[in-house]
K.L.:
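Mind looking over this structure? Questions follow.
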Amino acid sequence: MPTSTSNPGSSEKPGFFRHTFSTDHKVIGRQYFFLSLAAVLAGAWLSLLMRIHLVWPKAAIPFLGEIKPENYLAYLTMHGTLMVFFVLSTVPQSGFGTFFLPLQLGAPKMAFPRLTAAGFWIAFVSFLVLIATFFVPGGASGAGWTQYPPLSALASAGPGQALGTDLWLVSIGLFCVASLLSAIGFVITTIRYRAPGMTWMRMPLTCWAWFVTAILILLAFSILLVALTMLMLDRHAGTNFFIPGGLLVSGKSIEHSGGSALLWQHLFWFFGHPEVYIAILPAMGITSHLLAVFARKPVFGYKAMVGATLAIGALGFMVWGHHMFTSGMNPYAGFAFSTLTTAIAVPSAIKTFNWVATLYGGKIRYATPLLFSAGFVSLFITGGLTGPILAQPALDTYLHDTYFVVAHFHLIMAMAGLFAIFSATYFWFPKMFGRMMNERLGRLHFWITLFGAYATFMPMHLLGIAGHPRRYSDLTGVQYVAAMAPLQKFITVAAIVTISGQIIFMVNLFWSMRRGPAADANPWECTTLEWALPSPAPEEGFGVQRPQVSHGPYEYNVTGAEKDFVMQDAPAS
Amino acid sequence: MPIIGDRVEIERKPKLGGGGPGKIPHRRGYGGGDDGDHGGSGDFRSREQRMRRYRIGMMLCIISVTAIFVLLTMVYVFRMGKGRYDEDAHRWIHDWVPLHLPYLQLWLNSLLLLLSSTTLELARRSMARKEEFAAMGIVPPRMKRDMPWLGITVLLGCFFLAGQILVWNSLRHQGVFLDSSPSRSLFYILTGTHAVHLVGGLLVLLYAVAGRLMAIRFESQRIAVEVTGWYWHYLAFLWFGIFALVHFARG
């Protein structure tokens with residue numbers, strides 16, 4: 001198949017066009033990385049605006065002026081959409097996954113490379129459409145990243161609910177297609193393209209995570225696509241799936257009737273909960289991998305890790321109802337969802353235990369990737385402990401839509417996911433760009449981010465317990481909330497400091513890309529196959545000579561070996 | 001393989017495994033890369049592998065499509081069974097309007113789809129027979145008994161789509177539109193989604209048919225027909241599922 005952009009033999013550089021629209025998985029992986037970098041900057045900027053508005057509602061922002069309530073809702077929606085779709089489900093899976101899955105498996109390339117490339121470019125267009133919603137009449141959608149109807153289904157419901165929401169739906173629809181296309185490549189690469197000797201149980205845990213996540217994407221995103229289509233039909237074709245009767249918008253009654261707003265919640269969360277695991281499973285895989293590398297020990301309980309990954313993937317499809325405990329669902333259904341949700345704590349606890357056990361007694365090398373991976377474990381535990389609390393319908397009835405929930409998912413999903421992304425960036429940077437990142441700046445970045453993350457999100461638990469609702473742009477007149485203003489101020493300051501701390505990361509990233517010290521082929525002394533290649537990974541990958549794998553992925557501290565690690569493709573002893 | 005000769009070289013499989021902690025012994029075969037079959041013509045292997053890749057890809061598509069239709073079926077069943085919540089009376093009201101379907105046309109369409117599935121299977125088999133010639137680098141000959149099964153399949157597929165449009169038309173003449181009531185909306189969405197998927201299959205078949213005119217490799221043609229075959233049979237199966245749903249769950 002003439003799909004690779006240049007022959008391994010030819011030394012001429014591909015032209016701009018061929019390089020940009022390359023089918024090389026390494027180019028596409030880097031493209032995803034930069035796409036998400038743009039998205040995370042936009043998302044962080046929006047969160048900054050929101051935090052400032054919450055504390056100083058009358059403050060005039062340069063160029064934007066005073067933030068109006070509808071603007072606040074638009075920022076909230078776009079912050080969630082950008083972060084969930086274009087950051088958390090893009091970098092760990094599509095970014096690092098596209099780059100490193102074939103390399104770690106010893107594959108010559110991604111299966112169906114043109115499909116993978118198409119996936120990226122559709123995601124790119126989807127990102128542009130999403131950003132464009134800020135500039136259409138009425139501005140961006142304000143219905144939240146969950147787009148609950150009737151707010152999202154009626155164009156008259158708000159300024160951003162007309163064209164802004166239409167484009168939001170188009171954008172996420174495109175994103176679904178993009179994710180599906182790239183997921184197909186992931187699954188086939190894993191099944192068919194493993195190097196000789198790379199048995200399932202010799203795959204690094206990152207590959208396991210990418211594989212399971214790709215299967216989740218195949219099921220979840222096709223469902224979201226249907227739900228989005230139905231919502232679009234409700235908006236433009238006059239169907240009534242999601243719009244109940246008897247609605248009044250600005251004093252005028254709406255002619256729709258007979259739909260069920262709850263139906264959307266079911267459909268959305270049937271996608272939405274697996275989506276949470278689409279975001280976090282690759283992060284878990286990366287963490288498992290890095291902890292073993294930097295503790296110089298085999299992963300504790302490799303098989304249990306694989307089993308837990310599969311179990312989380314399967315259970316993820318059975319728990320969507322826990323997002324809807326307060327929707328008046330049958331208490332028996334609530335009980336079932338609650339039980340299943342609590343059951344996810346079991347594989348999660350297996351993973352957490354194994355991470356800690358991997359570190360225990362290891363000769364730990366305190367490099368930046370290890371710090372961020374340990375930070376992931378810390379944040380995962382902190383955020384995870386509030387999970388079983390929210391899984392109880394009785395407790396959730398009180399805590400639903402308060403800052404407690406905001407604290408929970410930001411710690412376990414957003415911050416933990418981000419820490420895994422950071423650790424992966426510091427870890428794989430040499431293989432992606434051929435240079436090392438600065439360790440000292442990396443450590444500074446880590447400590448600022450760790451303390452900043454905790455300072456921002458821990459107090460939110462207290463706000464939530466005290467009953468502070470989320471998603472309100474301004475609650476200055478409400479007496480019981482006024483008492484929490486100092487804490488809100490503290491959170492805003494913490495958020496500003498944390499986000500400013502990311503400048504260190506950006507500087508480190510772009511400076512190291514140009515000026516960092518050149519990296520060896522295997523600077524971290526890892527066993528997996530991507531480190532058998534020179535840094536940066538050459539375009540032809542392994543070329544014609546496929547590696548012969550005869551070792552497991554985590555052979556560190558092997559007795560009798562020359563060094564303290566054995567590469568996967570080292571000759572069998 | 002020549003058996004006569006003074007030295008018969010038996011290809012030894014390379015030894016795998018080794019000592020050390022954290023060792024995971026491999027169970028069977030080798031990794032995914034080589035399908036467990038060492039040796040053999042490299043060309044044959046790569047062609048077989050390509051076919052397998054596409055087959056797995058098709059399985060994944062089918063899984064994804066199944067998720068879509070399971071979801072729509074669930075929406076259909078729940079909407080029918082539960083009705084809507086009346087905000088004034090504070091209770092659930094059954095407002096499901098039973099469908100009056102043009103059964104004659106629907107049965108005719110089902111027959112067309114079934115026929116197209118059969119002809120596609122015949123096309124797939126005739127291509128599989130010609131595979132050997134292609135493997136030897138010979139342009140596959142036209143066989144005497146060969147019918148242009150592929151072209152017939154495309155025609156039948158188009159007839160099915162036209163038939164579906166007739167069904168929708170006759171519903172329109174009854175005054176049944178997409179936005180009439182949930183049962184009607186869901187009927188249109190179920191059949192419409194099915195038709196959209198069928199169009200996708202039709203496009204791939206058209207590519208394979210055009211392959212006879214344009215210089216598309218036989219191998220690519222065969223893969224297209226093979227995986228579309230699976231898809232097509234699956235869509236036929238799905239069609240009967242939808243038909244059964246709208247027939248038996250009329251409300």
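All values derive from a computational prediction rather than experimental measurement. Lettering follows sequence order; numbering is per chain, from 1.
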K.L.:
Would I184(A) and C61(B) satisfy side chain to side chain contact (heavy atoms under 4.5 Å, CB included), going step by step from the backbone distance to the final call?
P.N.:
CA-CA 8 Å; I184(A) 288 174; C61(B) 290; 3.9 Å; yes
K.L.:
Are the side chains of F241(A) and I189(B) in contact, using a 4.5 Å heavy-atom criterion?
P.N.:
yes
K.L.:
Identify the residues of residues 63-76 of chain B whose heavy atoms come closer than 4.5 Å to a heavy atom of chain A, ordered by number, or report 'none'.
P.N.:
I63(B), S64(B), A67(B), I68(B), L71(B), L72(B), V75(B)
K.L.:
Which bit of I217(A) comes within less than 4.5 Å of chain B, counting heavy atoms only: side chain, backbone, both or neither?
P.N.:
neither
K.L.:
Please flag which part of L105(A) lies under 4.5 Å from any non-hydrogen atom of chain B: side chain, backbone, both or neither.
P.N.:
neither
K.L.:
Below 4.5 Å from any heavy atom of chain B, which atoms of L218(A) appear? Answer side chain, backbone, both or neither.
P.N.:
both
K.L.:
For R79(B), what residues pass the salt bridge (Lys or Arg N to Asp or Glu O under 4.0 Å) criterion, not counting sequence neighbours?
P.N.:
D95(B)
K.L.:
Is the CZ atom of F240(B) crowded by more than 12 outside heavy atoms at less than 6.0 Å?
P.N.:
yes
K.L.:
Could you report the tightest heavy-atom contact between I188(A) and R53(B), atom names first, then the distance?
P.N.:
CD1-O, 3.6 Å
K.L.:
M230(A) versus chain B, heavy atoms under 4.5 Å apart: side chain, backbone, both or neither?
P.N.:
side chain
K.L.:
Rounded to the nearest 0.5 Å, what separates atom CG in D234(A) from atom CG in D179(B)?
P.N.:
10.5 Å
K.L.:
Between L267(A), V299(A), I215(A), who has the most heavy-atom pairs with chain B when the cutoff is under 4.5 Å?
P.N.:
L267(A)
K.L.:
S260(A), A111(A), A237(A): which one forms the most heavy-atom pairs within less than 4.5 Å of chain B?
P.N.:
A237(A)
K.L.:
Considering residues, nucleotides and ligands other than F300(A), do more than 12 of their heavy atoms fall under 6.0 Å from its CZ?
P.N.:
no
